[in-house]
**Q** 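One structure is given below, represented as C-alpha cells, and several questions about it will come after.
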Amino acid sequence: MSSGESKLVFVATSDIAGLVRGKSFPVSEWNKRSVRGVGWTPTNVQITCFDTIAESPFGSLGDLALVPDAQARFQMGDPGKALDVALGDIQSLEGEPWDFCTRSHAKRALSALHKLSGATVLSAFEHEFQLKDAPVRAGDSFGLKGFRDGQAWAEALIAELERTSCKPDTFMKEYGPSQYEITNKPAIGITSADNAVILRILTDDVLRRFGVNSSFSPILDPGSVGNGVHIHFSFVDDQTNPLTHDAADPHGMSGLTRHFIGGILKYLDQIMALLAPAEISYLRLTPHRWSAAFNNLGYRDREASVRICPVSSQDSEAIARQYNFEVRAVDAAASPYLAYAALVFAGTQGIRDSVEPPSPTQEDLSLLGQEDLAERGFHRLPQSLGDALQVMDKSEAVRSWFGDDFVNVYLDHKKQEMNKLEGLDWQEKCNLYKEVY
Ligand code: GLU
Ligand code: MG
C-alpha cells in the first residue's frame with residue numbers, strides 16, 4: 001500500500017479497555033519495524049479506560065514489541081494529508097504472542113475453530129453510535145431529516161472506509177436521539193475484527209473533522225435506548241463454500257451452526273464481562289431495549305441474545321451464502337478482539353461437545369415468570385458488571401481458553417475501572433463513558 005504523504009506509521013493495539021493505543025515510527029523504517037515492531041510496556045495492559053492504572057503483575061518491569069500487521073494497514077484522513085495506521089500484535093521479544101494481547105487471543109480462537117471443524121468465520125460487526133450533545137429533534141427515528149443532518153460526514157466516512165478493508169454496507173438514522181447505525185460487509189477471520197476497530201477509529205476521526213462528536217458508548221441516557229454492536233456470523237470452508245445453512249433444519253441451521261450457537265448460549269453468562277464490559281453496559285441489556293436480556297436464541301427476534309437473521313434470496317445457493325445469525329449482547333466498550341475471541345472460543349467448545357441450543361423463541365420472555373423460564377432453560381443474563389465478573393472468575397471454561405493470568409489481570413483491571421465510578425449516579429456514569437468511547 002502506498003504511504004501517501006504520511007511520514008509516520010502509527011502502530012495500534014485495541015487493548016483490554018477497548019481503546020486504541022500505540023506508537024509511531026517513520027514510514028521509511030517499515031521493512032525493519034514490520035518485523036521487529038516498536039517497544040511496548042507490559043503494565044500498559046492495566047491502563048483503564050479512565051487512564052488510571054490497575055494493580056499490575058508486571059510493575060515497572062519487562063519489555064514487549066507491538067508489531068504492525070501489513071494486512072491490517074490503512075490510511076486515515078484526507079488523501080494527501082493521511083496518516084498511515086497499522087493494527088498490530090503484541091509479542092514477546094522472542095516473537096511469541098503475548099498472553100494479554102487481545103488480537104492474538106482472537107487469532108488463537110479462530111485457529112482452534114478451524115482445527116476442530118475446518119470452518120473459517122465470515123463475519124461483520126454492525127455498530128450503533130450517537131452524537132454527543134446534539135439537540136434532540138422529535139419525530140426523527142429512522143428519519144430523513146436526521147439522515148440529512150449526517151449526510152455530509154456520512155458520505156465522507158463511507159468514502160474513507162472504501163479505501164480500507166472495512167467495506168461499507170448501509171448507513172441510517174437509527175431509532176434513538178441522534179443515533180446512527182453503520183454496517184459493513186462481512187470479512188474473513190481476524191480481518192472482521194480489524195474492520196470493527198477501523199470503523200470506530202474512522203467514524204470518530206471523520207466526524208470530528210466535520211465538527212461533530214460521536215460516541216459508541218453502550219448507553220448515553222439511562223432512560224433511553226443503547227448503542228449495540230451486533231456481530232453477524234457465518235462460516236465457510238477452505239474453498240469458501242458456505243457451511244452455515246441446512247435446508248433440512250426447521251430454522252435453517254447446519255449442525256456446525258447449531259452447536260456453535262449452543263456453545264455461545266451455554267457460556268454466555270461466563271463471557272458477558274468480555275462482551276459487555278462496562279458498568280453501564282447492563283443498563284442497555286434490559287428487556288424492551290431491543291438488545292439482549294436472556295440466554296435465548298431468537299428466530300428473527302430483535303430481543304434475543306442470538307438471533308437467526310432473515311434472508312432475502314430465493315434460490316438455495318444464495319440462501320446458503322446469505323444465511324447468518326447475530327450475537328446482540330455485545331457493545332463497543334469491549335475490544336472487538338476480546339468479544340470475538342470469547343464468542344469463537346465458546347462456539348468452538350459447543351462444537352467440540354455437540355451442545356444443542358434451546359429451541360428458538362418468538363415471544364417476549366420478560367412476560368414469563370422465573371419458573372416458566374427455568375423450565376424452558378432460560379434465565380436473565382447477569383444484571384451488573386460485578387455479577388458478570390464473578391461468573392467469569394469462577395468459569396473453568398473461560399480460564400482454560402484465555403489462561404488464568406489473563407483472567408486475573410482482567411478482573412483487577414475492571415475492579416480499578418469500577419473504583420472511578422463509586423458514588424456516582426447512573427447519568428454521571430453514562431457521562432464518563434460517553435467521553436471515552
Ligand atoms: N439499539 C439496540 C441495541 O442496543 C439495537 C436496535 C436494533 O438495531 O435492532 O442493541
Ligand atoms: Mg440497529
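Start at 1 and go down the list; that is how both ligands and their atoms are numbered.
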**Q** Kindly give the atom name of the N, O or S atom of Glu181 closest to the Mg ion (ligand 2).
**A**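 Nearest to the Mg ion (ligand 2) within Glu181's N, O and S set: OE1.
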
**Q** Which ligand 1 atoms does Arg302 reach within 4.0 Å, using its non-hydrogen atoms?
**A**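 Here the atoms of ligand 1 in question are 9 (O).
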
**Q** Got the closest protein heavy atom to atom 9 (O) of ligand 1, with its distance?
**A**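 The closest one turns out to be Arg328 NH2, 2.8 Å.
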
**Q** Less than 4.0 Å between a side-chain N and a carboxylate O, is that true for Lys145 and Asp140?
**A**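 Looking at Asp140 and Lys145, the cut-off is not met.
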
**Q** By number and element, which atoms of ligand 1 are closer than 4.0 Å to a non-hydrogen atom of Gly228?
**A**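 Checking each atom against Gly228, I get 3 (C), 4 (O), 10 (O).
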
**Q** Between Arg399 and Asp393, is there a salt bridge with N-O shorter than 4.0 Å?
**A**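 Looking at Asp393 and Arg399, the cut-off is met.
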
**Q** So that I can tick it off, tell me whether Arg208 and Asp204 are bridged by a salt bridge, with the cut-off set at under 4.0 angstrom between side-chain N and carboxylate O.
**A**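 Yes, Asp204 and Arg208 are salt-bridged.
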
**Q** Do the side-chain N and O atoms of Gln322 and Ser312 include a donor-acceptor pair separated by under 3.5 angstrom?
**A**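 There is such a pair between these side chains.
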
**Q** Using the ring of each side chain (for Trp, its six-membered ring), is Phe142 parallel, tilted or perpendicular to Tyr175, with breaks at 30° and 60°?
**A**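 Ring orientation, 0 to 90° scale: tilted.
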
**Q** Taking Lys415 first and then Glu55, would you say they form a salt bridge - that is, a charged N and a carboxylate O separated by under 4.0 Å?
**A**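 Looking at Glu55 together with Lys415, the answer is no, because their closest N to O distance does not fall below 4.0 Å.
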
**Q** So which of the N, O or S atoms of Glu128 lies nearest the Mg ion (ligand 2)?
**A**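 For Glu128, the N/O/S atom sitting closest to the Mg ion (ligand 2) is OE2.
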
**Q** Of the backbone atoms (N, CA, C, O) and the side-chain heavy atoms from C-beta on, which set of Arg289 has a member under 4.0 Å from an atom of ligand 1: side chain, backbone, both, or neither?
**A**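 The backbone, only.
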
**Q** Could you list the atoms of ligand 1 found under 4.0 angstrom from a heavy atom of Glu181?
**A**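 The list of qualifying atoms is 8 (O).
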
**Q** At less than 2.8 Å, would any N/O/S atom of Glu174, backbone or side chain, sit next to the Mg ion (ligand 2)?
**A**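 Given the 2.8 Å cut-off, Glu174 counts as a ligand of the Mg ion (ligand 2).
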
